Every structure is written in C-alpha cells, then in structure tokens.
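This report concerns only the one structure given below.
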There are 2 protein chains.
Amino acid sequence: MAEDPAPARGRKRSEQTRLAILAAAYELTLEVGFAGVTVEGVAKRAGAGKQTVYRWWATKADVLLEALALKADLTVSTADQGSFEAEVDAFLRDSAALLAVPGVVPVLRSLMAEAQRDTDFRHRFQDGFLTRRRAAFETVVARAAARGDKPVHLTAALAADLVFGLIWYRVLATERLLGEDDITAVRRLLSEQPGEE
Amino acid sequence: MAEDPAPARGRKRSEQTRLAILAAAYELTLEVGFAGVTVEGVAKRAGAGKQTVYRWWATKADVLLEALALKADLTVSTADQGSFEAEVDAFLRDSAALLAVPGVVPVLRSLMAEAQRDTDFRHRFQDGFLTRRRAAFETVVARAAARGDKPVHLTAALAADLVFGLIWYRVLATERLLGEDDITAVRRLLSEQPGEE
C-alpha cells in the first residue's frame, strides 16, 4: 500500500480514515452481505471519498481482507504458555472466539469464495491473510521445537495445514464451529508423542 | 432426482444420456472454466435437450457435483487393508490421485465457491458430495474401531474433519496437493496410539 507522505498530524488523520474504512466495510457486510457491499457504500459510511478507498485497496474484498487480518491478529494469541499443548489449546480457543464474532464467518466465506474466482485477489488473500495466519501458528510450533516438546513427526507446515484445514473446512463445509471437545482432541492429537512401535 | 418410469430399454437409454451429460459438463468446465459453462452448452455437447438436463439437475453446479461424486466413489478405495494405518494411507493416496486428474481441482474450487454464494446449492453440495465423502472415510474409522486399532481419542467425525480439512485447505488455499511426505505424516499422526503420559 502507498506510504502516506503527510506530516505527523496528517498521518494520524490518515490512519483514522483507514480504520474508519475498515470498520465501515465490516459493518456494511454484516448488514447487507458481501454481494450487496460496494466501495462507494463503504466510503460513504466511513465519511471518506471513493478515491480514498481506492488509494489503499483494489477491491471491497481487499478492505475486508485487511479488516479480518487485523481482527485475527488482535484476537488469536501466540504468547508463550510454557508448553506446546497449552499454546495449541490457546490458539484454538482464541480462533473459536474469533469465529463466534458476528460477521466473521460470513466474511471469511465470502473472501475464500472470491479467492476461487479472482486469481489476483487469491494471491493477495494468500499473502495478506492465509500466510499471515500460518506464520502466527508457526511461531508456536517453532517455540515448541526450541523448547523440545514438539512431536518428532509433526512439521510446522503440516501442523498449520491441519489446524487451518480443520477451521476452514468447518467454516466452509460443515457450518459446525470449534467446540470444547474439538479443541481438547486436536490439542492432544497434535501435542502427544506417539507410543513406541 | 426424478425416477425414470420408462421400461428396461428406455431406462438404459436414459442412463446413457445421464452419463453423457455428466461427462459433457465435466469436459466443458475443463475447456472453458466454470463461469463459461451453461446448461445449454452441456446439453448441446451431450446431444440432449436443455429440458433433459433440467429434468435431473437444478443448475450446472449440480451436474458437476454429481460428476465429481461419481469420480470420487470410483477413485477412492475404502477396502479392508487389514489395519487402520494402511487404510488411511490408501484413502489419502487415492484422494491425491483424484486431485491429480486434470479438472478435478478447478471443479472442486468452483463448487465450494458456489456453495458459499448459493444456500440451496450449499445444502445439495453438503448432502450429495461432502457428507458422502465423509461417510466413505467414516467406514474406514468404523472398521478400525471394530478391529481395535483406532486411537482411543480419535472420533470418526474429527478424523474426517482433519482429513477433508487438510485436502480442502490445500485445494482452496495453498494450491499444494498431497505429497508422499504429507501422506506418511498424516497416516502416522492419525493411526498412532499416544504414549503414556
């Protein structure tokens, strides 16, 4: 995204406008659904001009992508909890909490559907959201490897595929979100060392 | 779908027409992409009338749903291999082979995207494809439970969520399909009994 060359006060105002646009896009989608959202409508609700939105984002989906990425960064903790099992548990709990926020599931579904239709958006969604979420979880796996409680056969990439695969499959396919039983079972499955063979 | 009331020869002809329509829809999607496919184009290519297609399917997506469900049933084995680990391995290998068939990944992506936009199709996709694929894998888990080599903490539902979650996440999000290393790691992860704690 373009750097804002304005002085300090201008940068602050510009940042407030950015946040107002992200909030407006999210609220509008919650009210009228992704198909009903327009960049014009988002700009109007944020009290900004259409060109201001296009200055920072290519499409309405890109605005929502950034709104969701920020929500996820703020909601899902990757803090050191002393053990891989505790951190997988916290990551899954926070992810379940994020999915329970009104509007998050429909927005995720709209963005993943959009990524299947629009190849350019697909790459921006991968870079700006999917890879960013993977990186968050992979810090948890890397810490476990350093600490020595990561199961030997589990690579960071496969662990991330299984965790995000489960979350996305639930969101897109089954409409069942993560419950207490799921969190416990996945936490145990990913963190337990296999028995002797 | 409507029962065909015609006598034996009529039923045979009608079944040939159904298969021709399924093949035509699949080939056409491979050539022009989901967005470019029309029921009219499918009918024309199959040498059938548009009304014949609509007699059996509500939309072009429903034709592709059935074509994919048949391909999956024919490609992915759930035969008894003597152990849960061997059967998970076979299921993943066959699934990887299915995903390697030209056109399968783009069609799966189009159908999942369509399911996010059209709620009615979403339910038909769940019933006619997603639940049907889960049921296939769940027979493998049920056999393991009867045989006694299913890991204690692993429910059939969670095992299916993890396997199909991984497959769908790869198809929709990362564009990396299942490789030898993935199959080995998932087979071990799902089939190994946890060590003593």
Side-chain angles (χ1 to χ4, degrees), chain A residues 33-35 85 105-106 108-119 122-123 125-126 129-131 133-134 151-155 157-176 178-179 181-182 184-197, chain B residues 33-35 85 105-106 108-119 122-123 125-126 129-131 133-134 151-155 157-176 178-179 181-182 184-197:
Chain A
F34 181 75
E85 183 165 11
V105 163
L108 287 174
R109 288 171 53 186
S110 302
L111 294 180
M112 187 59 95
E114 192 66 16
Q116 307 312 309
R117 279 198 305 283
D118 176 340
T119 310
R122 175 181 184 75
H123 295 133
F125 187 53
Q126 287 170 336
F129 190 85
L130 299 171
T131 305
R133 298 311 307 145
R134 288 178 73 84
V152 280
H153 305 315
L154 191 71
T155 65
L158 183 66
D161 286 344
L162 289 168
V163 165
F164 293 110
L166 173 65
I167 291 171
W168 276 106
Y169 179 76
R170 290 287 186 91
V171 165
L172 298 168
T174 71
E175 298 175 70
R176 283 181 48 241
L178 295 178
D181 52 341
D182 300 313
T184 306
V186 173
R187 182 193 78 212
R188 296 185 71 153
L189 189 74
L190 291 187
S191 63
E192 276 167 343
Q193 297 289 344
E196 297 307 305
E197 291 171 281
Chain B
F34 181 76
E85 183 164 11
V105 163
L108 287 174
R109 287 170 52 186
S110 301
L111 294 179
M112 187 59 95
E114 192 66 15
Q116 306 312 309
R117 280 199 304 282
D118 176 340
T119 310
R122 176 182 184 75
H123 295 133
F125 187 52
Q126 286 171 336
F129 190 85
L130 299 170
T131 305
R133 298 312 305 145
R134 289 179 73 84
V152 280
H153 305 316
L154 192 71
T155 65
L158 183 67
D161 286 343
L162 289 169
V163 166
F164 293 109
L166 173 64
I167 291 171
W168 276 106
Y169 179 76
R170 290 287 186 90
V171 165
L172 298 168
T174 71
E175 298 174 71
R176 283 180 48 239
L178 295 178
D181 52 340
D182 300 313
T184 306
V186 173
R187 182 193 79 212
R188 296 184 73 153
L189 189 73
L190 292 186
S191 62
E192 277 167 341
Q193 297 288 344
E196 298 307 304
E197 292 171 281

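Computed from a prediction, not measured in an experiment: that's the story for all the values here. Throughout, a chain's letter reflects where its sequence line sits, starting with A, and its residues are numbered from 1.
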- Contact leader toward chain A among F125(B), W168(B), F164(B), where contacts are heavy-atom pairs under 4.5 Å: F164(B)

- In Å, rounded to the nearest 0.5 Å, how long is the span from CG of D182(B) to CG of L162(A)? 9.0 Å

- Message: Quiz question: by atom type and distance under 3.5 Å, do the side chains of Q116(B) and Q116(A) form a donor-acceptor pair?
- Response: no

- Message: Please classify the contact of A185(A) with chain B as side chain, backbone, both or neither, using a heavy-atom distance under 4.5 Å.
- Response: both

- Minimum heavy-atom separation for L189(A) to L190(B), with atom names? CD2-CD2, 4.1 Å

- Query: Looking at R134(A), R170(A), E175(A), which makes the most heavy-atom pairs under 4.5 Å with chain B?
  - Reply: E175(A)

- Checking heavy atoms, do the side chain of R109(B), its backbone, both or neither come under 4.5 Å from chain A? both

- Under 4.5 Å heavy-atom distance to chain A, tell me which part of V105(B) shows up: side chain, backbone, both or neither. neither

- Which atom of L166(A) lies closest to which atom of D161(B), heavy atoms considered: CD1-CB, 3.4 Å

- State whether the side chain of R122(B) and the backbone N or O of L172(A) hold a donor-acceptor pair below 3.5 Å, judged by distance alone. yes

- Message: I'd like to know if the side chain of Q126(B) reaches the main chain of T174(A), judged simply by a donor and an acceptor atom lying under 3.5 Å from each other, with no hydrogens or angles considered.
- Response: no

- Message: Can you tell me how far apart CD (E192(A)) and CD (E192(B)) are? Round to the nearest 0.5 Å.
- Response: 11.0 Å

